[in-house]
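Worksheet for the structure shown next.
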2 protein chains.
Amino acid sequence: MESSADSKRVTLAQVAELAGVSVMTASYAYNRPERVSDRARSKVLDAAERLGYAGPDPSARSLRRGSTRTLGVVMGEHLSYAFEDPEAASFLAGIADVCADRGYGMTILPITGAADDGRRVTEAAVDGFVVWTTSDDDPVLSAVRAVKRPAVVHGGPEVAGLGLVGIDNRAAARAVGALAFAGAERPAVVSFPLSRDRISTITTGIDPADVLFPVTRERLEGYRLAAEDAGIAWRDVTVAVCARNDTAEAERLTAALLTAPEPPDAIAAMSDQQAAGVVHAVRAAGRAVPGDVAVTGWDDAAVAEQLGLTTVAQSLRDQGAACARAALGETPDAHAAEWSLVPRTSTRP
Amino acid sequence: MESSADSKRVTLAQVAELAGVSVMTASYAYNRPERVSDRARSKVLDAAERLGYAGPDPSARSLRRGSTRTLGVVMGEHLSYAFEDPEAASFLAGIADVCADRGYGMTILPITGAADDGRRVTEAAVDGFVVWTTSDDDPVLSAVRAVKRPAVVHGGPEVAGLGLVGIDNRAAARAVGALAFAGAERPAVVSFPLSRDRISTITTGIDPADVLFPVTRERLEGYRLAAEDAGIAWRDVTVAVCARNDTAEAERLTAALLTAPEPPDAIAAMSDQQAAGVVHAVRAAGRAVPGDVAVTGWDDAAVAEQLGLTTVAQSLRDQGAACARAALGETPDAHAAEWSLVPRTSTRP
DNA sequence: CTGTTAGCGCTTTCAT
DNA sequence: ATGAAAGCGCTAACAG
């Protein structure tokens, strides 16, 4: 039996009145049941039921408590991208695990790349932030800093006052690059975008230091070192820059690379999704992996095992969880995550 | 220049005082800049900067305004599942699109399947809810109903007082089932779970009416009609029930189906992920699609095109957006979404 | 354009 | 075990 679509919002005070107790007793009935007599408690619950009271108002409670019990997550310019990229999804799942366990909500902020992204951060009713890796110049970062709540950036950039969780991308790229480029004469890299414009291009001799995405920058630095370790000058390494982390685009760009007069004989990608596209393109061109072209990926996703991709393993899920814990103030802010090399059959032995 | 890690939280009142204006002028400086003189506004902003004021407190603002500008999303027992299932991800992306456009946050509630899921709903500071399809007996539904805020369920169940967005699963299943079962003698179905236990099993003669997940129930009803339309009794149709929507599990169960004395010659799945597993298993068993076994999927995901799967096309992204709009009170609550049949090469002509 | 008043709904004191 | 007072930080409503 429900008292219809009642006029206005029902308050705890009304419940208390109907129950014949003080507001505090009613409040305790919800928040500290053990501190209230069973009788009082059931009177309150009864009255609540009768009035159709849905429980203490969350906003009022947040204001009074000074905490929202919600964690904010900032996923970069294109929100929906977060849900399409399997690695981003793993990362979110890691955050979700921690939030679920702590009874926290998880608010995904509606970032769009527009000028008001900062406001979205400023206006978010959350206790802390996790920021998915972004560019050095992303204005969202200063907005996050400005609100002075605990915040952790995944991957980078490193921002004073914010935590940082991630692996040593440079070292990992150098290590996987060594496998990719072993015995190669014309190595190439399939890269994530270099700046927030997300321009897709094929080029050589790019200076990693100019790259605004720190994760991409560090990986390029690592690949450069790997190339040099293999006796190849960086200016001779072709870099195919994709606008997104996407199998189809990597496949297209690789197809273009392969039609060049001196096509690459080794391609290091920045994700397994991209590497999958690379493998498809290589095979579509009638060439063999790794015989004609060695290929490496990154992340050790399911597709890496399917294709036998040599790759870098890291747990984005664990890193998401680490970010969440740090943003909830449970652990120290900074955290170097684990990675490992997974050699498979897409590189030369 | 930043005034260090200030003692307590800075309030608008302090900013107003330092700026030498009233609190309301300070408030307007943030919320209605056009209603304040440039001079007053910059005095306020200056003072804010000097005090390290991060802008109006979101909780206080929510309380006062009576709105949180945040939408709640309930994704079923296993939160992280939401991020692993590509269809769920599309759906979330559709919600995100609308939230981003309206400047709303999107709070994913940390549902775990534990007893306190209801509290998570009750305590969420959100203006409305979108609920991803669940079972008839999911206690979260009554919690959502109880809070009396706008709420929309995707797919089902239909709940009094809550909106509903989705396609006619029964009709769609009957239509795609007609293609799957055309010319078949021993059709089978690869199904989503039948109840929240998510028990995996192979069986026959299940009564769709007993199934607690409405979407699954309606699709089974549709497949039954399709079988009967093709002159086959439902009790002769084997149903392989998967615990999750997952390629690997569908592949395992299909492999089992194929070792039976009278293996199926047509398999209708409930998702393209499952259908992909079915196709792999059929091929691994050395049989041809559709020659030996016809296969159909659902959703028209990327994998459906790759494999040439006959499937049901629907836009989960659009449906997510429709749910969000309805939960924000912009559109009528109920909404029958579009679907269409996509015949490809995995069924007999 | 600016200010005063009131109070959103709740929970933290601190009594009793 | 229960209650009274106070106020979290802000903005709607209404002056001036």
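Here is how names work: the chains are called A, B, and so on, in the same order as the sequence lines, proteins then strands, and each is numbered from 1.
Between E17(B) atom CD and dG9(D) atom P there is a gap of 15 Å when expressed in whole angstrom units. Rounded to whole Å, atom P of dG16(D) lies 17 Å from atom CE of M24(B). Atom CZ of R64(B) is separated from atom P of dG9(C) by 9 Å (rounded to the nearest Å). The nearest whole Å value for the distance from the CZ atom in R65(B) to the C1' atom in dG7(C) is 17 Å. The nearest whole Å value for the distance from the CZ atom in R32(A) to the P atom in dT2(D) is 15 Å. With rounding to whole Å, L63(A) atom CG is found 8 Å from dC10(D) atom C1'. Rounded to whole Å, atom C1' of dC8(C) lies 13 Å from atom CD of Q14(A). R35(A) places its CZ atom 11 Å from the P atom of dT2(D), with the value rounded to the nearest Å.
For the pair S22(A) and dT2(D), the criterion of a side-chain N or O lying under 4.0 Å from OP1 or OP2 is not met. For the OP1/OP2 pair of dT11(C) and a distance below 4.0 Å, the side-chain nitrogens and oxygens of S27(A) include at least one atom meeting the criterion. The shortest distance between the side-chain N/O atoms of S37(A) and the OP1/OP2 oxygens of dA1(D) is not below 4.0 Å. For R61(B) and dT11(D), the shortest distance from a side-chain N or O to OP1 or OP2 is below 4.0 Å. The side chain of Y53(B) places an N or O atom within less than 4.0 Å of a non-bridging phosphate oxygen (OP1 or OP2) of dC10(D).
Mapped onto DNA chain C by nearest heavy atom, Y30(A) and R39(B) fall at different nucleotides, with R39(B) at the one closer to the 5' end.
Checked by atom type, the side-chain pair S27(B)/N31(B) shows a donor-acceptor distance below 3.5 Å. With hydrogens and angles left out, the side-chain atoms of S59(A) and S62(A) include no donor and acceptor closer than 3.5 Å.
Within 4.0 Å (heavy atoms only), V23(A) reaches at least one base atom of the nucleic acid.
Ring-plane geometry between Y30(A) and Y53(A) is classed as perpendicular, the angle between the planes exceeding 60 degrees on a 0 to 90 degree scale with a lower cut at 30.
Checking dA12(D), dC10(C), dG9(D) against the side-chain heavy atoms of D57(B) singles out dG9(D) as nearest.
A donor-acceptor pair under 3.5 Å links the side-chain atoms of D117(A) to the main chain of T112(A), judged by distance alone.
Residue V121(A) forms a side-chain contact (heavy atoms from CB on, under 4.5 Å) with just one option from V131(A), L141(A), V140(A), D116(A), and that option is V140(A).
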